[in-house]
Amino acid sequence: VKKIMPLFSKSHKNPAEIVKTLKENMAILEKQDKKTDKASEEVSKSLQAMKEILCGTSDKEPPTETVAQLAQELYNSGLLVTLIANLQLIDFEGKKDVSQIFNNILRRQIGTRSPTVEYISAHPHILFMLLKGYEAPHIALRCGIMLRECIRHEPLAKIILFSEQFRDFFKYVEMSTFDIASDAFATFKDLLTRHKLLVADFLEQNYDTIFEDYEKLLHSENYVTKRQSLKLLGELILDRHNFAIMTKYISKPENLKLMMNLLRDKSPNIQFEAFHVFKVFVASPNKTQPIVEILLKNQPKLIEFLSNFQKERTDDEQFTDEKNYLIKQIRDLKKPTP
C-alpha cells in the first residue's frame, strides 16, 4: 500500500534551509531577469513553510525551539529587511504571508523581552521602509498592517514620532487613493493616541511644527480627512495627559476663529466635531484676554447661533446640555474692568 505523504513533508526543512532558499530566490527576483517564475514559486513555498513554523498547523502548536531558531535566522541573515525592501516583487498571497510572519515574530516574547522589537530598534530603517510603503499602491495596505503592529510597542512608536519622517503622515493622509489615505490616517491616529505619556511629551516638544501641519488638515479639500482630523483634535485636547497642549491650543485666538468658521461649515458632521473643540475654549475657566475679546465681540451672534445650532439632535441630551451651558457662559461674560 502506497503511503500518503503528509501535507507537512515539503516544509520539513529546518529554519536555516528555509531562510537560505528564500534569500537565494529573493535575490533572483531582485535581478528582475526573465527566469523569475521558478523563483517566485520557491519564494511562495518558503513563505508558506515559514508561516507553518510560526503559526503551527491546525492540529499542531508551533514548536518553541524551531520558532526561536527561525527568528534568529531571520535577524542574522538580514532576510527580514530584504522581505520588506522587496515586498512589491512578491505575489499577492506572498505579501499577505510576509505581513503575517512579520507581525507574528514581532509579538514573540522571551520572558519580558521582545527580541524583534530590540532588533528593529537597532535597525530603525525597517520602520521607515514600511512608512514609505504608503507611496507604493500595491504594498501600502500591507505596510500599514505591519506599521500598526510596530506602533503597539512603545520603543518603536517613539522612533517614528521623533523622526523627520513623521511629518510624511501629513502628506499620506491627503493621498488621492481613498483606502490608502484612510489607512494612513488609522496609523497616524494610533501613533498619537496609543502611548499617552510618550505622545504628550512629543507634542509638547514639537508643538509649533506639528500644529502648523495639523491646521492644514483642518482646511483639507478632502471631507473625510477634514472630519477625521477634527475629531482626533478634539480627542487629543480633551485627554487629561495632554493638559499642557490643550492649555496652549485654547490660548491662541487664531484657533478659536478657525473653530468658529468650522461651526458654520456646510457639513453638519464637521460642525458637530468643531463644536466639541469650540466648547473647550468657552468652558475654560482661564481664558486668555484675546479669547475673551473675540467671544465678547461676537456675544449676541454666538448666543443666537448656538440657540439654533443643530436643533434636530433632540435625542442627544448631553449635546443639548453642553449647548445650554455654553450659551450661559457666553451670556455671563463681562468686559474686563480697565
Side-chain angles (χ1 to χ4, degrees), residues 7-57 62-63 65-108 114-150 156 159-160 165 180 183:
L7 189 69
F8 208 55
S9 64
K10 273 271 168 46
S11 49
H12 260 329
K13 289 181 181 162
N14 64 33
E17 285 169 23
I18 297 173
V19 167
K20 186 168 173 285
T21 308
L22 190 46
K23 208 169 173 176
E24 285 165 2
N25 286 286
M26 284 303 293
I28 298 172
L29 289 189
E30 275 174 68
K31 285 206 198 75
Q32 296 272 313
D33 283 344
K34 298 283 175 283
K35 300 187 281 294
T36 53
D37 284 357
K38 176 99 178 68
S40 231
E41 203 177 309
E42 284 297 324
V43 166
S44 299
K45 272 194 228 161
S46 304
L47 288 170
Q48 275 299 134
M50 207 179 270
K51 207 170 77 175
E52 276 186 9
I53 290 178
L54 286 174
C55 311
T57 47
E65 276 85 89
T66 326
V67 171
Q69 210 186 333
L70 178 61
Q72 217 39 61
E73 289 289 340
L74 277 171
Y75 309 147
N76 297 347
S77 64
L79 184 63
L80 205 57
V81 177
T82 309
L83 288 173
I84 288 166
N86 297 297
L87 194 58
Q88 72 286 356
L89 301 177
I90 302 171
D91 66 16
F92 180 77
E93 281 304 319
K95 288 189 184 76
K96 244 163 58 178
D97 290 339
V98 171
S99 59
Q100 282 180 308
I101 290 165
F102 182 87
N103 287 3
N104 186 297
I105 210 157
L106 194 51
R107 292 185 196 124
R108 238 186 106 233
S114 298
T116 310
V117 174
E118 292 168 16
Y119 178 78
I120 295 174
S121 298
H123 301 84
H125 66 290
I126 292 176
L127 296 168
F128 303 127
M129 285 195 296
L130 289 173
L131 186 54
K132 216 167 168 45
Y134 279 125
E135 296 172 24
H138 295 308
I139 60 170
L141 303 181
R142 285 284 140 211
C143 289
I145 289 171
M146 292 185 268
L147 208 46
R148 283 189 293 282
E149 190 63 44
C150 291
L156 303 185
I159 293 172
I160 301 172
Q165 290 91 327
I180 296 178
D183 195 277

- [ ] Quick one: do Leu106 and Ile120 satisfy side chain to side chain contact (heavy atoms under 4.5 Å, CB included)? Show the steps, please.
- [x] CA-CA 9 Å; Leu106 194 51; Ile120 295 174; 3.7 Å; yes
Open item on the list: I need the single residue from Val98, Leu87, Leu147 that forms a side-chain contact (heavy atoms from CB on, under 4.5 Å) with Arg142. Which is it?
Closed with: Leu87
TODO: Using modelled atom types only, decide if a donor and an acceptor are shared between the side chain of Asn104 and the backbone of Gln100 within a distance under 3.5 Å.
DONE: no
Close side-chain approach of [X] and [Y], heavy atoms under 4.5 Å:
{"X": "Leu22", "Y": "Leu83", "value": "yes"}
{"X": "Gln69", "Y": "Ile53", "value": "no"}
{"X": "Val81", "Y": "Met129", "value": "yes"}
{"X": "Phe128", "Y": "Ile159", "value": "yes"}
{"X": "Met50", "Y": "Leu79", "value": "yes"}
{"X": "Glu73", "Y": "Lys20", "value": "no"}

For residues [X] and [Y], report the shortest heavy-atom separation together with the two atoms involved.
{"X": "Asp183", "Y": "Gly144", "answer": "OD1-CA, 3.4 Å"}
{"X": "Tyr119", "Y": "Tyr75", "answer": "OH-O, 3.3 Å"}
{"X": "Ser46", "Y": "Thr21", "answer": "OG-CG2, 3.8 Å"}
{"X": "Leu130", "Y": "Cys150", "answer": "CD1-SG, 4.1 Å"}

[atom1] of [X] to [atom2] of [Y]: how many Å apart, nearest 0.5 Å?
{"X": "Leu29", "Y": "Gln88", "atom1": "CG", "atom2": "CD", "value": "10.5 Å"}
{"X": "Cys143", "Y": "His138", "atom1": "SG", "atom2": "NE2", "value": "12.5 Å"}
{"X": "Arg148", "Y": "Met146", "atom1": "CZ", "atom2": "CE", "value": "11.0 Å"}
{"X": "Leu127", "Y": "Ile160", "atom1": "CG", "atom2": "CD1", "value": "4.5 Å"}
{"X": "Glu52", "Y": "Asp97", "atom1": "CD", "atom2": "CG", "value": "10.0 Å"}
{"X": "Ile18", "Y": "Leu70", "atom1": "CD1", "atom2": "CG", "value": "6.5 Å"}

- [ ] Please indicate whether Glu41 has more than 12 foreign heavy atoms, meaning atoms of other residues, nucleotides or ligands, lying under 6.0 Å from its CD.
- [x] no
Open item on the list: Is it true that, when you exclude His125 itself, more than 12 heavy atoms of the residues, nucleotides or ligands shown sit nearer than 6.0 Å to its NE2?
Closed with: yes
- [ ] Applying side chain to side chain donor-acceptor pair (under 3.5 Å), run through Asp91 and Ser44 and close with a yes or a no.
- [x] CA-CA 8 Å; Asp91 66 16; Ser44 299; 3.2 Å; yes
TODO: With side chain to side chain contact (heavy atoms under 4.5 Å, CB included) as the test, would you mind laying out the steps for Leu156 and Ser121 before giving the verdict?
DONE: CA-CA 6 Å; Leu156 303 185; Ser121 298; 3.5 Å; yes
TODO: Applying salt bridge (Lys or Arg N to Asp or Glu O under 4.0 Å), name anything that partners Lys31, two or more places apart in sequence or on another chain.
DONE: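 If we apply the salt bridge (Lys or Arg N to Asp or Glu O under 4.0 Å) test to Lys31, skipping adjacent residues, there are no hits.
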TODO: Answer yes or no: is there an ion pair linking Lys96 with Glu93, defined by an N-O contact shorter than 4.0 Å?
DONE: yes
Open item on the list: Using a strict threshold of under 4.0 Å (side-chain N to carboxylate O), is an ion pair present between Glu42 and Lys45?
Closed with: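 Here Lys45 pairs with Glu42 in a salt bridge, since their nearest N and O are under 4.0 Å apart.
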- [ ] Walk me through it: do Leu47 and Ile90 pass the test side chain to side chain contact (heavy atoms under 4.5 Å, CB included)?
- [x] CA-CA 10 Å; Leu47 288 170; Ile90 302 171; 4.0 Å; yes
Open item on the list: Would Ile145 and Phe102 count as a side chain to side chain contact (heavy atoms under 4.5 Å, CB included) here? Give the steps.
Closed with: CA-CA 10 Å; Ile145 289 171; Phe102 182 87; over 6 Å; no
